[in-house]
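Worksheet: the structure to be examined is printed underneath.
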Amino acid sequence: MTKNNLTTFFEEFLHNKSLFVNRSALLSSYTPESIPHRDKEMNNIASILAPALKQEKPSNLFIYGNTGTGKTLVVKHVVKNMGEISKNKKIPLKVIYVNCKLKRVADTEYRLMSQLASCFGKAIPSTGLPTDEVYKSFYSAAEKEQGIILLVLDEVDQLIKKVGDNVLYNLTRINEELKGAQISILGISNDTTLTENMDIRVKSSLSEEDVFFALYNAVEMKSILQERASKAFHENTIEQGVIEKCAAYAAREHGDARKAIELLRVAGELAERSKSEKVSFEHIDEAEEKLEREKIFDIIKTQPKQFQAVLYSIITLKNKNPIVYTGEIYDLYKKICFKIGLRPLTQRRVSDIIGEFELIGIINTKTISKGRYGRTREITMSIPSSTNPLTKKILEEELSIA
DNA sequence: AGTCCACAGGAAGGGCAGGCGA
DNA sequence: TCGCCTGCCCTTCCTGTGGACT
């Protein structure tokens, strides 16, 4: 673009009427004033947590339901509200929110505890300390607090799958050690079957109360989208049926409202960029593709080289056969390592890496036996195959494979 | 009925980065 | 600074196993 072109571009940009009134209403960081179709759950959670305002320790609470059913939103909403009241009335109440999925932040016992301690302003080194030392650090910080501490552990299923339920056991017993403050634990899980495999003691103490979030049905989803859209867009900027399409897309993705809202936002942005006057069906399709790409892109970029190499071999093999096995992956992985000058890890480790990919949700595995030809894991992709070429390309760039 | 494949996945321990007390 | 501690990532070694094949 020459300087003149650029000026014209910006002038046109300013001149163009935006489709959005308030784009932020469609961002994931946006907290709506009300959460439609979740009154029952919200009231339920509020009544369970309410004793905290009277300085009585609320029951530990286990909240479960599929992704995008509003769990986090509702909890944050309730907790925020309580925070404001406690502040106004000077009731000692502290809320700690931790997302356990964050890789290398809160995905091990040590890291979670160090994260918790840091919420009290205690800096814990990334390694070097014994874990019980980190626990003590957290205890002593919590001890200095007064009143009730609400500890929200989001995506707690990820943590438990990775390191077991020992952490929760320790956390649920923390109050026995504390004299000052009392801690209530709110576990939020996307895995609806999580408690089934948990230690019975942990299970009973974590879910003294539990709240289930059901999927949104098509009608509810539509009304959620409509409400957000009316806040975000100017009137008559959305073509007839577009909202329904978003809702249908979300229903396909297991009733995930967050995704549907994001889809609408990206579609709007694309429409605006292409100078359309309305958000149309094509924009939704385009947005769907874009979102899928970005999601995968983000995951890949943050993986270590070794993980990328493993994923690259999976995808390469996937392009040839619909089903791939651990052995094939490892063979190709070794070749790739040789090609790019990476020291190959052992098969044992690669097997674990494959397991981690399953945990992230990129692949699905199933242990099968091929009889005379041994036992192995059958690996299928859980991301759409249409994104494979692009994923492969990104990996090639990341790994500098010519 | 027994064999044997090709892994899964548990246990133990090494190396590394980093913390702590002397 | 040094010796010893830790968590994490990884390797080594190992036992376990479903079912096709003999």
Side-chain angles (χ1 to χ4, degrees), chain A residues 98-141 158-171 197-199 299-300 302-314 317-318 320-338 340-360 362-380 382 398-399:
Chain A
V98 180
N99 186 325
C100 304
K101 196 180 178 177
L102 294 174
K103 215 179 175 190
R104 288 169 230 289
V105 175
D107 59 348
T108 68
E109 190 172 8
Y110 183 98
R111 285 168 181 164
L112 173 70
M113 292 316 293
S114 96
Q115 190 68 18
L116 292 182
S118 76
C119 290
F120 289 111
K122 288 226 175 183
I124 306 284
S126 62
T127 172
L129 295 183
T131 306
D132 57 335
E133 204 62 43
V134 186
Y135 268 99
K136 276 181 201 154
S137 202
F138 174 70
Y139 286 145
S140 73
Q158 297 281 331
L159 179 72
I160 290 174
K161 274 183 207 153
K162 199 166 172 203
V163 299
D165 51 17
N166 204 25
V167 205
L168 282 186
Y169 180 68
N170 293 334
L171 276 175
N197 306 317
M198 269 198 308
D199 183 318
I299 294 174
I300 295 170
T302 53
Q303 297 299 324
K305 278 266 180 302
Q306 296 285 4
F307 282 60
Q308 291 176 342
V310 175
L311 189 58
Y312 182 74
S313 18
I314 296 176
L317 287 167
K318 214 61 216 180
K320 294 180 197 132
N321 325 306
I323 298 168
V324 294
Y325 304 102
T326 310
E328 306 174 85
I329 294 170
Y330 188 63
D331 287 344
L332 182 59
Y333 159 81
K334 272 195 296 192
K335 280 185 201 149
I336 290 163
C337 284
F338 181 72
I340 61 174
L342 203 63
R343 197 177 58 83
L345 302 175
T346 55
Q347 175 146 1
R348 180 73 189 79
R349 179 64 188 137
V350 169
S351 173
D352 279 346
I353 290 175
I354 292 173
E356 289 197 41
F357 277 134
E358 186 179 23
L359 214 59
I360 304 172
I362 303 183
I363 60 170
N364 286 314
T365 74
K366 197 171 108 193
T367 319
I368 55 144
S369 173
K370 294 195 282 178
R372 188 76 178 73
Y373 306 101
R375 255 160 70 90
T376 183
R377 270 190 294 182
E378 212 177 72
I379 288 142
T380 49
S382 53
E398 287 285 311
L399 294 166

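Residue numbering restarts at 1 for every chain, and letters A, B, ... go by the order of the sequence lines. Atoms considered below: every heavy atom in the structure, side chains included; atoms not considered: hydrogens, waters and symmetry mates.
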Where A:Ala106 and A:Val98 come nearest, the two heavy atoms and their spacing = CB-CG1, 3.8 Å

task = Give one of base, sugar-phosphate or nothing for A:Pro304, where a contact means two heavy atoms less than 4.0 Å apart.
result = nothing

remark   = Looking only at heavy atoms, the pair that brings A:Pro344 and A:Lys334 closest together is CB-CG, 4.1 Å

query = Near DNA chain C, which residues from residues 113-122 of chain A have a heavy atom under 4.0 Å away?
reply = none

message = It should be established whether A:Thr108 places a side-chain nitrogen or oxygen under 4.0 Å from OP1 or OP2 of nucleotide C:dC8.
response = yes

ask   = Any chance the side chains of A:Tyr135 and A:Glu109 put a donor and an acceptor closer than 3.5 Å?
value = yes

request  = Take the angle between the ring planes of A:Phe120 and A:Phe138 and call it parallel below 30°, perpendicular above 60°, tilted in between.
outcome  = tilted

ask   = Can you find a side chain N or O atom of A:Ser369 that sits less than 4.0 Å from OP1 or OP2 on C:dG19?
value = no

message = Less than 4.0 angstrom from a charged side-chain N to a carboxylate O is my criterion; do A:Asp352 and A:Arg348 meet it?
response = yes

query = With respect to the phosphate group of C:dC21, does any side-chain polar atom (N or O) of A:Tyr373 fall under 4.0 Å of OP1 or OP2?
reply = yes

request  = Would you tell me if any nitrogen or oxygen in the side chain of A:Thr131 comes within less than 4.0 Å of OP1 or OP2 on C:dG7?
outcome  = yes

Nearest-Å distance for atom pair CD/P, residues A:Gln347 and C:dC14 = 17 Å

message = Let's see if you can work this out: which of B:dG9, C:dC8, C:dC10 has an atom nearest to the side-chain heavy atoms of A:Tyr110?
response = C:dC8

request  = Rounded off to whole Å, could you give me the CZ-to-P distance for the A:Arg377 and B:dC7 pair?
outcome  = 11 Å

task = Measure from CD1 on A:Ile353 to P on C:dC10 and round the result to the nearest Å.
result = 6 Å

ask   = Is any side-chain N or O of A:Ser351 closer than 4.0 Å to OP1 or OP2 of B:dG9?
value = no

ask   = What is the distance from CD of A:Glu378 to P of B:dA6, rounded to the nearest Å?
value = 17 Å

task = Starting at the 5' end of nucleotides 10-22 of chain B, put B wherever the base has a protein heavy atom under 4.0 Å, S where only the sugar-phosphate does, and a dash everywhere else.
result = B-------BSS--

remark   = Nearest heavy-atom approach of A:Cys100 to A:Leu112 is SG-CD1, 4.3 Å

task = With side-chain contact (heavy atoms from CB on, under 4.5 Å) as the test, would you mind laying out the steps for A:Lys318 and A:Thr380 before giving the verdict?
result = CA-CA 8 Å; A:Lys318 214 61 216 180; A:Thr380 49; 4.0 Å; yes

inquiry  = Taking 4.0 Å as the cut-off, does a side-chain nitrogen or oxygen of A:Thr326 come that near to OP1 or OP2 on B:dA8?
reply    = yes

task = Calculate the interatomic distance between A:Arg372 atom CZ and B:dA6 atom C1'; express it in whole Å.
result = 11 Å

message = Does A:Lys366, at its NZ atom, have more than 12 non-hydrogen atoms belonging to other residues, nucleotides or ligands within less than 6.0 Å?
response = no

ask   = In whole angstroms, how far is the P atom of B:dG9 from the CD atom of A:Glu356?
value = 13 Å

message = What's A:Glu109 touching, base or sugar-phosphate or nothing? Going by heavy atoms closer than 4.0 Å.
response = nothing

request  = Using whole Å, report how far OH of A:Tyr330 lies from P of B:dC5.
outcome  = 20 Å

message = Quick check: closest heavy atoms across A:Asp107 and A:Arg111, and the distance to 0.1 Å?
response = OD1-NH1, 3.1 Å

For A:Val167 against A:Gly164, the heavy-atom pair lying closest together = CG2-O, 4.0 Å

ask   = When only distance counts, do a donor and an acceptor, one from the side chain of A:Arg375 and one from the base of C:dT17, lie under 3.5 Å apart?
value = yes

ask   = In whole angstrom, what separates A:Ile354's CD1 from B:dA8's P?
value = 7 Å

